[in-house]
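Data first, discussion second: the structure below is written as structure tokens.
Model, not experiment: these values are computed from the prediction.
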2 protein chains.
Amino acid sequence: MRKFCIYGKGGIGKSTVVSNIAAALAEDGKTVMVMGCDPKSDMSRNLIGRRIPTVLDVFRAKGPDEMKLEEIVFEGFGGVYCVESGGPEPGVGCAGRGVITATDMLARLGAFNDLEPDVVIYDVLGDVVCGGFAMPLRKGLADDVYVVTTCDPMAIYAANNICKGIKRFADRGAVFLGGLIYNGRSVVDEPSIVESFAARLGAKVMGRIPMSELIPRAEIRRKTVLEYAPDSEIADMFRDLALTICLNKDRIMPEPLSDDELDKINEEI
Amino acid sequence: MRKFCIYGKGGIGKSTVVSNIAAALAEDGKTVMVMGCDPKSDMSRNLIGRRIPTVLDVFRAKGPDEMKLEEIVFEGFGGVYCVESGGPEPGVGCAGRGVITATDMLARLGAFNDLEPDVVIYDVLGDVVCGGFAMPLRKGLADDVYVVTTCDPMAIYAANNICKGIKRFADRGAVFLGGLIYNGRSVVDEPSIVESFAARLGAKVMGRIPMSELIPRAEIRRKTVLEYAPDSEIADMFRDLALTICLNKDRIMPEPLSDDELDKINEEI
Ligand SMILES: Nc1ncnc2c1ncn2[C@@H]1O[C@H](COP(=O)(O)OP(=O)(O)O)[C@@H](O)[C@H]1O
Ligand SMILES: Nc1ncnc2c1ncn2[C@@H]1O[C@H](COP(=O)(O)OP(=O)(O)O)[C@@H](O)[C@H]1O
Ligand code: SF4
Ligand SMILES: [Mg+2]
Ligand SMILES: [Mg+2]
């Protein structure tokens, strides 16, 4: 079972990447499970066509002993299994609490034994690396992490923090860094900045998804690009990225940059 | 003593707004204190010309009993007093922990009695509304909150979450919503979207800062626009915004939008 996490700053394109590579892998015959670990809980919208109840929603309504797998796992495009952790109401406890509850419930309900996924993808909020959001790293829930970024200093700062989080847990249940994913979510397109950042971390760039109108256009229709425009170049890029990630065996313990090194990268922009 | 918070999604322009309106108020003869409550800890860079030690840095080095006010409060442009809370290493405890430590230390060291600021501005991370980042709301540390946003759905989602946080604590130490600040940090410029969002919340838009090259240009030189280009239109806009906020007495308990209402706003885009 291949398990990996997609981390990155809010709005950087994690859910876009996760839902599209899940669709690509499903199209390729794999049994895929995607786990939304962002309180925004909208990762599965493009795979299922609507919002699904989150684990926290069901947990609040029924409590842990009455919950069934079919109430929290939903099948979408290509048979991809989707779970949304959900989040507490803002201001009520740790925003990452849903991630902890969801991973616990899936374990209790024997989800992996039942559904036997070939691939499990975690879509995790990366603006802060703490509480429930650090759990996939802390508890070694996956083999490796891929960080979505743009060349924007804010995205790079967040990516660097995620690498600090990865390094923090290096000696227990270590989840390694597989690489960076350069997504077209910024006005400026400077691949050299992302390459230079990757090189300093000791990592590689797995692939690049350019800015594309197909992405929001598919999203408005609540579809992935794989479903909405299967013959497009963008769909092919997601297929390539899916394969590259699945086959990747190069994983490293990243060397996070200092504040000064980050400032230097920003001055290159 | 006028106290307010500036909240918003990471990278939306909080520190830009806070440092510039602080500079404007200082230019106008006020004694201003700014408190960085974002682990990024770079809000005071444009006021002081370099990064300053954070409260958590000094706390880790010396412990609470050895700390002096002059080790954590630094004077910058126009005599503005700057404090940076700092954050723990990613993965080590709550990212908001610095905010709690910093506000405690300033209280212990009698900062407000010593320095007697006319205005105190809190610059607070708003990607998640929990832990230390919810503390200014939970503990009523200020009179009101202003949320920086663009018309980008991600920024609006975060702004809405902050409003949920404000509403959460409505019945204890309530900090009200003063209004939204529309900052030019998005490719798209659609003021009607921000106006429509404000209207549904029951709030008003305090002002608008357009996208401007002066801002990053001043920042590269580690200055506010007020210092770098005091005669520019942008400097005047910050002066107006500073005054508008300081004089504002309209504060409301916001009516946060549901997921469906947020989706509708996004479909308008
Ligand atoms: N390469 C791209 N080109 C154009 N729009 C994109 C691209 N990637 C993402 N988007 C858009 O950006 C927004 C945020 O993406 P999303 O995947 O939801 O981010 P995250 O899950 O990291 O918060 C979505 O509206 C999505 O349609
Ligand atoms: N109106 C604007 N026009 C152009 N650049 C801006 C504007 N506002 C902010 N920026 C730039 O955007 C970046 C993020 O702003 P910042 O204030 O640091 O965000 P935050 O404190 O919310 O994380 C900075 O590099 C800043 O120079
Ligand atoms: S640990 Fe992180 S996510 Fe949890 S309360 Fe603190 S800031 Fe929020
Ligand atoms: Mg997402
Ligand atoms: Mg800031």
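- Nearest heavy-atom pair, B/G93 versus A/C130, reported as atom, atom and distance to 0.1 Å: O-CB, 3.3 Å.
- By number of non-hydrogen pairs under 4.5 angstrom with chain A, the leading residue of B/V187, B/D259, B/V92 is B/D259.
- At least one side-chain heavy atom of B/V128 sits under 4.5 Å from a side-chain heavy atom of A/L125.
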**OP:** Go through B/D263 and A/R45 one step at a time and tell me if the side-chain contact (heavy atoms from CB on, under 4.5 Å) criterion holds.
**Re:** CA-CA 12 Å; B/D263 286 345; A/R45 249 181 63 146; 2.9 Å; yes
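- Heavy atoms from other residues, nucleotides or ligands lying under 6.0 Å from NZ of A/K139 number 12 at most.
- Considering only heavy-atom pairs separated by less than 4.5 Å from chain A, the leading option among B/M135, B/K40, B/K9 is B/K40.
- Comment: B/D152 engages A/R185 in a salt bridge, judged by a side-chain N to carboxylate O separation of less than 4.0 angstrom.
- Annotation: the span from A/F133 atom CZ to B/D127 atom CG amounts to 10.0 Å, rounded to 0.5 Å.
- Neither the backbone nor the side chain of A/I162 comes within contact range of chain B; no heavy atoms are under 4.5 Å apart.
- Heavy atoms of other residues, nucleotides or ligands lying less than 6.0 angstrom from CZ of A/R168 number 12 at most.
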